[in-house]
Each structure stands twice: as structure tokens, then as C-alpha cells.
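To start, the structure itself, in C-alpha cells.
In what follows, chains carry the letters A, B, and so on, assigned in the order in which the sequence lines appear, proteins first and then strands, with residues in each chain numbered from 1.
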Amino acid sequence: MHDMNPSVKFIVITASMLVIAFFFNPWTPLIFWLGIILLQLTMSRTKWKLWLLFMLPFSIGAFGYLWTTIVFGAETGGAIIWSFAGIDVTEEQWARALSLAFRVMAFSTLSLLFAFTTDPVRFIMSLMQQLKLPPKLAYGVMVGYQFLPVMKDEFTQIQQAQRLRGAETKKYSWQQLLSMRRILIPMLAGAVRKAERSAFAMEARGFTGEPRSAFYHPIQIDRTDWLMSGIFLILLLTSCIGGSWLG
Amino acid sequence: MPEKVFSLTGLSFRFPEEEEKTLTDLSFSVLRGERLVLTGPSGCGKSTLLYLLNRLYPDNCDGLVDGEMELFGKPANDYVPGEINHRIATVFQDPDSQFCMPTVEEELAFTLENLQTPFAQMEPRITAVLERTGLAQLRNTIIQSLSGGTKQRVATACALIMDPEVLLLDEPLSHLDPFTAKQFVHWLEELQQASNLTIVAVEHRLDIWGSFFGREIQLGCDGRITADQNFTPRHPFTFLKRPSAAQPATALCAKELSVTIKDKPLLAPLAFSVRRGEVVIIAGPNGSGKSTLIKSLCGIFEKTTGTVESDRIGYVPQSPEYLFLTQSVQQEVAFSGASTQTELDGLMASLRLEEIREAHPFAVSHGQKRRVAIAAMLADKRPVLLMDEPTSGQDAAALLELFDLIDQRSKEGASFLIVTHDMEFAAGVADSLLLIKDGKMTGKFQAYEVWCNEELLAMHHLLAPKGVARPAESFA
């Protein structure tokens, strides 16, 4: 999974999401979701602890969908399967609710799969090489990516310096948000200066934004990509057909 | 006679938003293999001239150019964008914002890709330039993890991989400590001799370059050439030794102070005291814990152990703008509300802030920003001032101003703890030196003790200040 071409992975994942979005039965997203987890279990090196942590908000969201659809869903056709506290849950509602919940789970797992198995630098390079993203944009993002840790340091330094001045920490979060302005202004001033310097440095080294003829680290599409795309396609078909058949 | 690389006739340059010309009527040529330095006061257009030579200007600023400029015997305007940058490479001032890729190897490859180099040639050229610059062992290192000096070497390697004929340097030493800077110059000299590069540099720390340059062009404040002459090696700007203003009363006393962050001991327990009016220089190699020490003293970092008994402590970071919270200098100084109006007026007058009292603190010069920061600290009744690298990237005039400022405030009872690499400055200003190495304090010494102790200096990557009479020499 990690060795897959990031652009191919990106396209495959986006396409699967779009296709799944057209199926409204609960089985399709369920099968697909289980399939994705199986894929990730067998073919990737995921840090599962971190994965679980990231999945937590999505799971809560999925449950929220399930609950609200059951309680407030307008659709009331079909036989009542069970009822409690004056709420009748019909077959139709239940199916809708499950479908929505599983869909949230499937989409979030899919996104996390991409995020956990893709190196951002490789992703940008691949976007430029396979999907013809203009180099100007691609290297712009790269510079920004290099700046992130520097910006983080700067943020803490400014915060510390201002706290020393006695800039009181505000009690409410909206006040905190407002006082962020004080930190952001010096940071932005610095960022503009840095951005100009970087642009000059790149230009002075012959960067014009023209597409390039050769890459030092060509990112290619090879057998792994075809194989993985195939697996994804099979999983997608299975879940679509299986889902329709079961539903 | 060697070929002319640059040839300027009556060149003038003006930024579109400004009335006056930044550069006026420049005429000179540079021959292949020359080592030229451009000097002059801050803001006289040295860097602008450099950017005209590598064609970053006028296109990037819509500047207006008069006169003629020929590069390699061809009018400058006949080059398409990017074309000239293959032959004229540039190394910039700030080691942090010259890179766009994570590792050294990829950064070098970025340059080659810009030149449309065929894939088969990339690998050998990268290996060759790394060998030539002695950076082979850093090939797969993450650039952001390197020190400033090494980053400048990587930037130079990125310039040299293009096989340029000319190397332009824009104050390449200003972010490096003197020890590292000297190594860089030595390294560059070897490279230059091996390849007969033409070098044009903008620099104000000329003493470190020794006899590297062969020619000097001085620019005046009005952007005209005031001198075009053979380069003479400079002595560093020396400061007169300031008489000590230390009073007997103790201003700060640290005991058993240590800092450990995330199980990493940054500072081993240390103890020292500072008297009122005393100026202490904190020195040591990069990454030895100097900044950690002052940050823990003023409470930015949590102390792991120990106590600091002190008058209230103020802190001036390397970028004083980090401290600013308000819209005008006046409000900035009055921010804490700890001083009366008369005290504030007195401070503003003695720090020469009256003429900028309504100005936005971000819009004033660097020296003024620092004075605003100091005024704000003193107005907040913080008479112990910690300064982080106030000398870095400053020209002689700015240093002299800083020197006077410290001299005056210490007479009025303020104590200073200053982190700096500039030993000439330290020799002038310091009463004592606090030496740190690998997170351990070697000790607090009287300044004159340190200047004649070779072993102590070398151990802390310091260069003995020039112009200080050393007892051993004066006896001989």
C-alpha cells in the first residue's frame, strides 16, 4: 500500500467514494468498509493505536447519524420492527440509518488509509509527474511544507514573549481567538518576508515554473499499482453487487 | 586580458514606488576570476545591485533601469528569464529560507531539474558536487536539521552544481558565528582556487574574510560609487573598553538551576550571581544551552530544579517584534501600567523614542524596535535585561548604537545578560563572561581572564577579540 503510486491511489480512492455514494442499502458500505480494514490489516504498516484515536471522532459521528436518522427520520414506510419509549422504528428507517452510518465509517476509513500510507512529499511529486500539476504550484506547496516546523517554533516563541509582557491569557475561547491576532500579525510579517526570500532563492537557481524534462526521483506506475487497483475494483464490485443482492 | 563578465555603463535603478533613485550612474566592469566585494552602509543599494546582476530585478519589482548593462558581452535584456541563472549562481543571507526540498540530495536534484538535465547525468553530477564541497556524508540528511553554517554550505553546493561562471554572495556570513564563518571563508577560498570562479559578494563583516577579496567597490548613501579600489584586509571594529558600572548590590542570584524538557537534560545544575549594573556576556558553541539559560531565567521555560532570586527580569528576543502588542510605540512602552507618566516620559526621552512615539512598532527600524522593547521592559520595572543575539546581522553603526545603549542603561543600574558570538563587541561591553558548553556552565569569569586563556576560548568555539591587549603579549 505504501509503495503504491500516490496519484493512482488518490484516483482509485476518490472514484470508489463516488461510486459508493450511489448505493443506499446498508450492505454495500458495510462490505466495503470491512474490506478496506482487511486491506489495511494485511497490506500496510499502520500504527493502529493512532488509527483508533483518529477513528474515534468518526465513529461518534457515525453513531450520531444512526441515532438522529432513527429518531427524526421522515421516512416511515415498512413494518415496525421494534419500538421503545414511544418511538417506532420501521424497517425502512433502520436500513437508512445503518446505510448512513456505515457510509461515514467507510469514507473515513478510506481517507485515513490514504493519509496513513502516503508520504506528502511523494504525493506532491507524483501529482506533478502523473497528473501534470504545474511545477509552480507543486514547489510552492513544498516550500510551505518545509516552513511548517519553522512557523510552529515561531508561534511558540511569540506566545512566550508576549506572555512575559503580561498579555493576559483570556478565559473564554472566543476571546482567545481574538487575541490570536496579536500573535498572527508578527508571524505573517515574518512569513511574507520569508516567502519573498524563498521565491528569490528558487528563481536564482533557474526555477521558472516551466514543466521539467527529467526527474531525479521519477515516480512511476508499476505492477503494484495495477495489482492494487485491481484489488480495489474487485472489492468495490463485490460490495456493490453483494450489497444490492442482500438488500 | 580576461573576458569581461559584467560591464555596466551609467546604470541607474529606481523602485517604482520611490521618488529617488536607489542606484545612480554606476559604471564598472568585472573580469573573469575576480573576487570583488561591494561595501557601503545599510540600505545603500548593495543587495539591489546584486539582484540586478542576476536578473532577479527589475522583473520582480517593476523597477526602472537606465543605462547599459552587459552580461558576458551581451545586453542583459536579451536573456530570457532563467537563462542567466545557469551561469550566475547566488547564495543568500538567510540560511532558513533557501530550500524547498527535505533532503540535501533532493535539493541538489531540484536545481538540476530546473536546468532540464537528462536523468542519466543527475546522479554523477550530484556525487561530484558533494565530493567537491566535502558534503558527501550529508547526502541524505534532512536540511532543516542542519546548523546555519552547514546550511550555507549546502546552499553554496546547490549554486555550484550548476557549474556557474559567477557566484554572487549576499551577506552569506551574517547568520553564522565567527568560528563557523571563518571555516566557511576558508572552504570557499579552496573552492574558488580550484575552479577560477568569479565572486561578487555583498558584505559588512569584512574582517572575517581576511585577504579573500582582491577588489572593493564602495557605495555611498546616495547609491553612487564612492571608491573602486584594491581590497585591503580589515581589522574588526573594536570598541573602547567600557568602565564597569557594577554596584555591590546583587541583582540576580541563581542556585542549582537546571532544565530538563521531555526527559532531555538541556541544562545541568548551575549557580551564579549578577550585580546591579553588571554586564554579563553568555557565550558558547551553537546549541550549548545559552538560549535555554536565559529563557529559564525569565520564566519562559519551566525550571526543573533550583531557584532564581532576582529583581524583575525582562527579555528582548532576537526579533524584538515578537514582544509587541499594541498599535503605537507610546502605547507599547506604557503597556504594563507599572510606571507613572513622568517616568514614561523620562524613559522615552533617554531612549530617543520621542520622534517615533506615534509610529507603529512594526514600522520602525530594527535598532528602534530594540529600543522600544527595552523601554517597555524598563517601564514594566524589569531592571535585569536578557538579550538574545542582539548583535547578529547588524552593521558597525548599529553595534555602536547598541553599545552606547547598554553603557548608558548599566550606569543607571540596569543589569544585562547578553547572548552573543561577537567577541569584539563582548570585549568592549562585558564585565564578565559566563561560558557554557554542552549544557554545562564552565564558569563565570572576569572578561580579561578569558581573553588571555587560549584553552578556554578554543573549548567554547570563541575567537579571541582583536585589539585587546593581552598580558602575555605585552610583556614580550
Atom group of [X] that falls short of 4.5 Å from chain A, counting heavy atoms:
| X | value |
| --- | --- |
| B:Ile126 | side chain |
| B:Leu325 | both |
| B:Thr117 | backbone |
| B:Gln121 | neither |
| B:Glu106 | side chain |
| B:Tyr51 | side chain |

Grab the two heavy atoms, one from [X] and one from [Y], that are nearest each other, plus how far apart they are.
| X | Y | value |
| --- | --- | --- |
| B:Asn85 | A:Ala204 | CB-O, 3.4 Å |
| A:Ala161 | B:Leu323 | O-CD2, 3.5 Å |
| A:Pro218 | B:Phe119 | CD-CE1, 3.8 Å |
| B:Gln98 | A:Ala201 | CA-CB, 3.9 Å |

Verify the neighbour count for atom [atom1] of [X]: are there more than 12 heavy atoms of other residues, nucleotides or ligands below 6.0 Å?
| X | atom1 | result |
| --- | --- | --- |
| A:Trp48 | CH2 | yes |
| B:Glu17 | CD | yes |
| A:Phe10 | CZ | no |

Shorter than 4.5 Å, heavy atoms on both sides: which option in [options] has the most such pairs with chain A?
| options | result |
| --- | --- |
| B:Asn60, B:Leu112, B:Ile313 | B:Asn60 |
| B:Met162, B:Glu83, B:Arg55 | B:Met162 |
| B:Pro118, B:Ala89, B:Cys158 | B:Cys158 |
| B:Phe99, B:Phe110, B:Phe301 | B:Phe110 |

Side chains of [X] and [Y] in contact at under 4.5 Å (non-hydrogen atoms):
| X | Y | answer |
| --- | --- | --- |
| A:Leu164 | B:Met377 | yes |
| B:Asp94 | A:Arg193 | no |
| B:Phe324 | A:Arg182 | no |

**Asked** Residues of residues 106-120 of chain A under 4.5 Å from chain B (heavy atom pairs)?
**Response** none
Can you tell me how far apart [atom1] ([X]) and [atom2] ([Y]) are? Round to the nearest 0.5 Å.
| X | Y | atom1 | atom2 | answer |
| --- | --- | --- | --- | --- |
| A:Gln157 | B:Gln318 | CD | CD | 8.5 Å |
| A:Tyr216 | B:Glu113 | OH | CD | 10.0 Å |
| B:Glu321 | A:Ile158 | CD | CD1 | 8.0 Å |
| B:Met122 | A:His217 | CE | NE2 | 10.0 Å |
| A:Asp153 | B:Gln144 | CG | CD | 10.0 Å |
| A:Gln146 | B:Ser97 | CD | OG | 12.0 Å |

**Request:** Measure distances from A:Thr208 to the heavy atoms of chain B and classify the residue's part below 4.5 Å as side chain, backbone, both or neither.
**Result:**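 Just its side chain gets close to chain B.
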**Item:** Region of A:Tyr145 that comes under 4.5 Å of a non-hydrogen atom in chain B
**Value:** neither
**Message:** Under a 3.5 Å distance rule, please check whether A:Arg205 uses its side chain to pair with a backbone N or O of B:Asn114 as donor and acceptor.
**Reply:**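 Not a single qualifying donor-acceptor pair exists.
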**Fill in**
Given the options B:Tyr315, B:Phe335, B:Tyr322, A:Arg165 meets side chain to side chain contact (heavy atoms under 4.5 Å, CB included) only with B:Phe335
**Message:** Counting heavy-atom pairs closer than 4.5 Å to chain B, which one of A:Phe215, A:Phe147, A:Phe200 comes out on top?
**Reply:**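 Of the options given, most contacts go to A:Phe200.
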